[in-house]
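Below, read A as the first sequence line, B as the second, and so on, with proteins coming before strands; counting in each chain starts at 1.
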Amino acid sequence: MDRYINVVVDLPLKNVDKPFTYKLPQRLSDKVVIGDKVLVPFGNRRIEGYVVGEGKKGDFEAKEIIKVFPFGPYFSKKMLDLARWISDYYQCYLVSSLKAMVPSGKVKVKKKRVVVLAQSIKESKEIVESLKSRAPKQAKLLSYLIDNPEDRLISTKLAQKVNTTSSTVSALVNKGFLEYRNESVRRDPFAHISFKKTEAFSPTSEQKIVIKEIIEGLKGDRKPIMLKGVTGSGKTEVYLQAIDRVLRGGREAIVLVPEISLTPQTVARFKGRFGEKVGVLHSQLSSGERFDEWRRIKEGKIKVVIGARSAVFAPFNNLGLIVIDEEHESTYKQEDHPKYHAREVAVMRAKKEGALVLMGTATPSLESYHRAKDGKYKLIELTKRVKGRPLPPVEIVDMREELKEGNKLMFSRSLYRGIEQVLDKGEQAMIFLNRRGFSTFVQCRECGHVMKCINCDLSLKYHAQERGLRCHYCDYQEKVPRICPECESLYIKYFGVGTQKVEESLNEEFPTAKVARMDVDTTRRKGSYERILSKFKSGEIDILIGTQMIAKGHDFANVTLVGVVTADTSLNLPDFRAGERTFQLLTQVAGRTGRGDKLGKVIIQSYTPDHYSIQFAKDHNYDNFYEAEIAFRNATAYPPFSSMINIVISHKDEAKVIKNTNKLGEILRSKILEMDSEEIMILGPVQAPLAKVRREFRWQIILKGKDIGRLRDVNNEALIELKEIMGESDIKVSVDVDPLTML
DNA sequence: GTGGGATCGGTC
DNA sequence: ACCGATCCCACC
């Protein structure tokens, strides 16, 4: 009886996004399971594919599988279900979702030729005695191996241990006292770091309650838990104790952290508690390292995985808990296909596998907090910092007043004084500026008025080419006004101050201070990130200037001042999440100070100091912020009150792009008209904010509506129709479901 | 994506 | 009628 199996081939193409049926040759008939990676004939080529199910003989002649790759299966039945959900929800090919789950690149076990004793310990000891006088080096080497039988070293490394060369080793091998053996080795990404064993802290009374609730969640309904805890309230300790519980119950845990927090210190914290059971998965690992960690998870050697976004796919079979630290972080959304959000995938995976999701943050995303308030997630809170440390006082400086008083510096008098004092006392300051490369906005320096789109109430973006203002949601355009439309002042300013300019200015104003800058430009080289941080920690640097990079997680006891050069940069981004981002950022930055025994202080400069995102950050008051922001989202029907899909069309030929995007817009509009529904809105077509990327022009259409399923359906039908009408196969269409940014 | 067969149009 | 370029489409 022939056995047939269904395989999805590794070609990201619409036409082949379905299973193909292959016959198993006799020799493999009982060796193939779902999740195996196989090599199959496809057309006149050989192609890799993944087994997704049993097949049956059809009305075509099935070809035979060529080979099955080792180390399979690469995914379980449940993970296949999850991949199907991702493909369906995020509109991507099944094979793309599957490939996100499996280790990529060359899948090989690394081997090395190690040197081991050829005789028993007892015999070897006798040999040592006999060698002592005539060949002392050989004797020394041999006794080293007797004393350290666990060492699995290659010839040169072993020779180094006793200050000799590998010829000593080969002499011993020739005499039959030692032998070479090929052993597989693990590529350990953290081999060079030592971990100090740590014990659980005794929890604060607040932490105790929270931990109890989590344990109840683990045993009970496993409804996702939102842990809202102020910065410095000890969320990590809560995670550690929850994980401990899960491990004791014989299950496994995944800890997702934002890429930027995945530092050796973070890993050390987990390894310190759980030792060798901890594994790490992230994009910086070499493909070999990633494969080894992946295999150790599968083999059950690892019980806790800590990693970035993709670690949500760790191949555990008895998953009990997924922790999502800093739940609101936008790095959890994958930027390329499949454009999944790790938080959503985690919730779905946990549901399928009976695990609990625990997401923690000081500043929940609006989406998640809304769900928590709706009862879809369980909300628990940590309101106090550990050791009773207070949250630092926050001072908001109105930069309009500074200008009126004749201060044209980028530092207010207050921040200037603050820096002076810090330098006097030998303490440290962090100066934060969130300057995004291309986005600038136009603002009146006298009254703070920002030029906004009349249709969207979003800030207009300055386009240098045409020297005009433009809304990238609806394409509304206007000229840059010569005088402020609000107060008729002539002080119209194009904002675009970057960290470099701040550095220059600090050096001018405080020539004796040691200033360093940390942003994408200064940390591009490997290790430079750690180097800057360790210099700051050791006190070699007085003032650290930086972008978001310095806002996260770091714990510097001597930092007593945090300055935000302008809170407006992120606030005036043309994005409905600008207010949310600003609040999150300010809250996080503020959390960087007052973590030691000294009191900290935060100074935020702004031209729009009355904005609720800034005002509520001053009081560290998330709930008030949430109420204001959710009202705005409700009024404007933005998420969480609607869903969105961003469709970007790109091609080298701009005319082609415009033609296709316009046509797609027409098709979408007529479809929505047919549906006789007011529910779906179409924004665009407009030129994408990143209008040209790698010589390709980009235009986009945004769909917005209550029902994500309907949005997807309309989008799908429209894209099929577009292809029929235009018949163009070479234009690129990229679909982003629940986009976090429209760029 | 890619090769092969169908299709179209130009050329001897 | 024959041949190369282009289109189309199936690939199990």
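- Contact check on Glu367(A) versus Arg577(A) returns a salt bridge, with a Lys/Arg side-chain nitrogen under 4.0 Å from an Asp/Glu carboxylate oxygen.
- Under the 6.0 Å distance and 45° angle rule, Lys339(A) does not count as a cation-pi partner of Tyr90(A).
- Asn15(A) has its CG atom 10 Å from the P atom of dC9(C), to the nearest Å.
- With rounding to whole Å, Leu13(A) atom CG is found 10 Å from dT2(B) atom P.
- Rounding to whole angstrom units, NZ of residue Lys14(A) and C1' of dT2(B) are separated by 20 Å.
- Between Val51(A) and the choices Val68(A), Val38(A), Val40(A), Leu80(A), the side-chain contact (heavy atoms from CB on, under 4.5 Å) rule is met once, by Val38(A).
- Between Tyr74(A) and Trp294(A), the ring-plane angle classifies as parallel under the 30° and 60° cut-offs.
- For the segment residues 39-49 of chain A, the set of residues with a heavy atom within less than 4.0 Å of an atom of DNA chain C comprises Pro41(A), Phe42(A), Gly43(A), in numerical order.
- Going from atom CG of Asp10(A) over to atom P of dC12(C) covers 16 Å, rounded to whole Å.
- Residue contacts for Asn6(A): at a heavy-atom cut-off of 4.0 Å it reaches no nucleic acid atom on any strand shown.
- As rounded to whole Å, 7 Å separates atom P of dC11(C) from atom CZ of Phe20(A).
- Lys663(A) meets the salt bridge (Lys or Arg N to Asp or Glu O under 4.0 Å) test with Glu666(A); sequence neighbours excluded.
- Relative to the six-membered ring of Tyr638(A), Lys704(A) meets both conditions, a distance below 6.0 Å and an angle of at most 45° to the axis.
- Rounded to an integer number of Å, the gap from Leu11(A) CG to dA10(C) P is 16 Å.
- Tyr22(A) comes within contact range of the sugar-phosphate backbone alone, with a heavy-atom separation under 4.0 Å but no base atom that close.
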